[in-house]
Engineer: 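Got a structure for you, written out below as C-alpha cells; questions coming shortly.
Every chain is numbered from 1 and lettered A, B, ... according to where its sequence line falls, protein lines coming before strand lines.
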Amino acid sequence: MQITVNDEPREVHARTLGAILDELGYGKARVATALNGFFVPATQRSLKAVDEGAVLEILAPMQGG
Amino acid sequence: MKFYGTELSSRLMLGTAQYDSPAILADAVKAAQAGVVTVSLRRESAGAQAGQAFWSLIQSLDVPVLPNTAGCHGVREAVTTAQMARDVFGTNWIKLEVIGQGDLLQPDVFGLVEATRILTEDGFQVFPYTTEDLVVAERLLRAGAEVLMPWGAPIGSGRGLNNLFGLRALRGHFPDVPMVVDAGIGKPSHAAAAFELGYDAVLINTAVAKAGDPAQMAKAFRLACEAGLAGYAADPMEERDMAVPSTPTLGLARSLGGEML
C-alpha cells in the first residue's frame with residue numbers, strides 16, 4: 001500500500017506501525033513516531049494498524065538549542 | 001538550585017546545535033561543565049545514522065538532557081513534538097517553544113500558556129521559553145510551569161539582555177521561581193549580568209557554537225557564570241549618581257597646593 005513517510009511517498013507491505021518501521025529499515029533505531037498527526041508511543045507500535053494513504057512522521061534525536 | 005526537584009551540577013545550560021563537528025561539541029560541553037544540554041528531534045531517513053550517533057555522543061557526556069520543541073508554531077504541533085521527545089529521550093522535561101513571529105522568533109505566549117497546561121496535565125515538567133512579561137509569567141505558573149525561561153534577546157542575536165528593567169522586575173516579582181535566561185546571550189559578560197540580576201541559570205548555544213574557539217568560549221562562559229553568581233551572592237553595592245572618593249580625604253596635604261572642591 002502507499003503511505004507517506006516524512007513527506008515522501010513510500011510503498012509498504014506491512015500493516016502495523018512496528019512492522020512498517022522494520023520494513024523501512026529503521027530496525028532498532030531510537031526514533032519517535034506520529035501517525036496521521038497523532039503521537040504513537042514506541043510501546044504501541046506493534047499493535048498500531050496503518051491504513052492506505054496514512055501519513056507517518058519518523059523523528060530521530062538531533063542537535064538542539 | 002533545583003529544577004523540578006533535580007539538583008543541577010552547574011548553572012550553565014548548553015545547546016548542542018550549530019557546532020562544526022561532534023568532537024567540537026563534546027569539547028565545548030566538557031569545557032563549560034554544563035549542567036544540562038538541550039536536544040531536539042528531526043526527520044531522518046532509514047539508514048542515516050546521524051541521529052543515532054548524536055544520541056550516543058550525548059549519552060557519553062553524561063549530562064542531563066532537556067529536549068526542546070524548537071520550530072513549532074502551534075500548540076498541537078508543540079504538544080505532539082513534546083510527546084515524541086519524551087518517547088525518545090526518556091525524560092519528562094521539555095523546553096517548550098511555541099514560536100509566534102518569524103523574524104524575531106518571538107514566543108506565541110498565548111499558545112505557550114495553553115501548551116504548558118496540556119503538557120503539565122500529561123505529566124510533563126515544562127520549561128517554557130517566554131518573554132519577560134509578568135502577566136504571561138503568572139499565567140504560565142498557573143498553568144503548571146515551575147521554571148521560567150525568559151529571553152534575553154531574540155534567539156541567535158547575541159544582543160545580551162535587551163530589557164534589563166523587565167528582567168529585573170520579573171526576577172523580583174517571582175523570587176522563588178527558578179528562572180533561566182534563555183536566548184540572545186552573546187558574550188560571557190551577558191551571562192554574568194543575568195546572574196547579577198539574580199537569575200538562577202543561563203542557556204547558551206550560538207555564542208559558544210559560533211565562537212572562533214568554542215571550547216575556550218565555553219570555559220569563558222563557565223567562569224562568567226561563576227563570577228556573576230558569586231557577585232550576586234556577595235550583595236553588590238547600590239549604584240550612585242555622584243562620585244564618592246574611595247581614598248580617605250582626611251589628612252590630605254593642603255600645603256601642596258591642592259584645592260578643596
Engineer: Among Ile58(A), Val31(A), Val40(A), Leu59(A), which one satisfies side chain to side chain contact (heavy atoms under 4.5 Å, CB included) with Met84(B)?
Structural biologist: Leu59(A)
Engineer: Spell out, as yes or no, whether a donor-acceptor pair under 3.5 Å connects the side chain of Thr80(B) to the backbone of Phe39(A).
Structural biologist: no
Engineer: Out of Asp7(A), Thr33(A), Asn6(A), return the one with the most heavy atom pairs under 4.5 angstrom to chain B.
Structural biologist: Asn6(A)
Engineer: State, yes or no, whether a side-chain contact exists between Glu57(A) and Arg43(B) at a heavy-atom distance under 4.5 Å.
Structural biologist: yes
Engineer: Output the option from Ala17(B), Ala183(B), Ser40(B) having the highest count of non-hydrogen pairs under 4.5 Å with chain A.
Structural biologist: Ser40(B)
Engineer: For Arg76(B), is it the side chain, the backbone, both, or neither that has a heavy atom closer than 4.5 Å to a heavy atom of chain A?
Structural biologist: side chain
Engineer: Any sub-3.5 Å donor-acceptor pair from Asp87(B)'s side-chain atoms to Ala32(A)'s backbone N or O?
Structural biologist: no
Engineer: Show the nearest heavy-atom pair for residues Pro61(A) and Val88(B), with the distance to one decimal.
Structural biologist: CG-CG1, 3.7 Å
Engineer: Could you check whether atom NZ of Lys210(B) has more than 12 heavy atoms from other residues, nucleotides or ligands sitting under 6.0 Å from it?
Structural biologist: yes
Engineer: Give a yes or no on whether Tyr4(B) atom OH has more than 12 heavy-atom contacts from other residues, nucleotides or ligands under 6.0 Å away.
Structural biologist: yes
Engineer: Count the heavy-atom pairs under 4.5 Å between each of Arg42(B), Lys95(B), Glu77(B) and chain A, then report the option with the highest count.
Structural biologist: Arg42(B)
Engineer: Restricting to non-hydrogen atoms, name the atom on Ala60(A) and the atom on Gly51(B) that form the minimum distance, rounded to 0.1 Å.
Structural biologist: CB-CA, 4.4 Å
Engineer: Which value, rounded to the nearest 0.5 Å, describes the distance between Arg30(A) atom CZ and Leu41(B) atom CG?
Structural biologist: 11.0 Å
Engineer: Identify which part of Thr43(A) has an atom lying under 4.5 Å from any heavy atom of chain B, answering side chain, backbone, both or neither.
Structural biologist: neither
Engineer: Pick whichever of Thr16(B), Leu25(B), Leu14(B) has the most heavy-atom pairs under 4.5 Å with chain A.
Structural biologist: Thr16(B)
Engineer: Please report the interatomic distance CD(Glu44(B)) to OH(Tyr26(A)), rounded to the nearest 0.5 Å.
Structural biologist: 7.5 Å
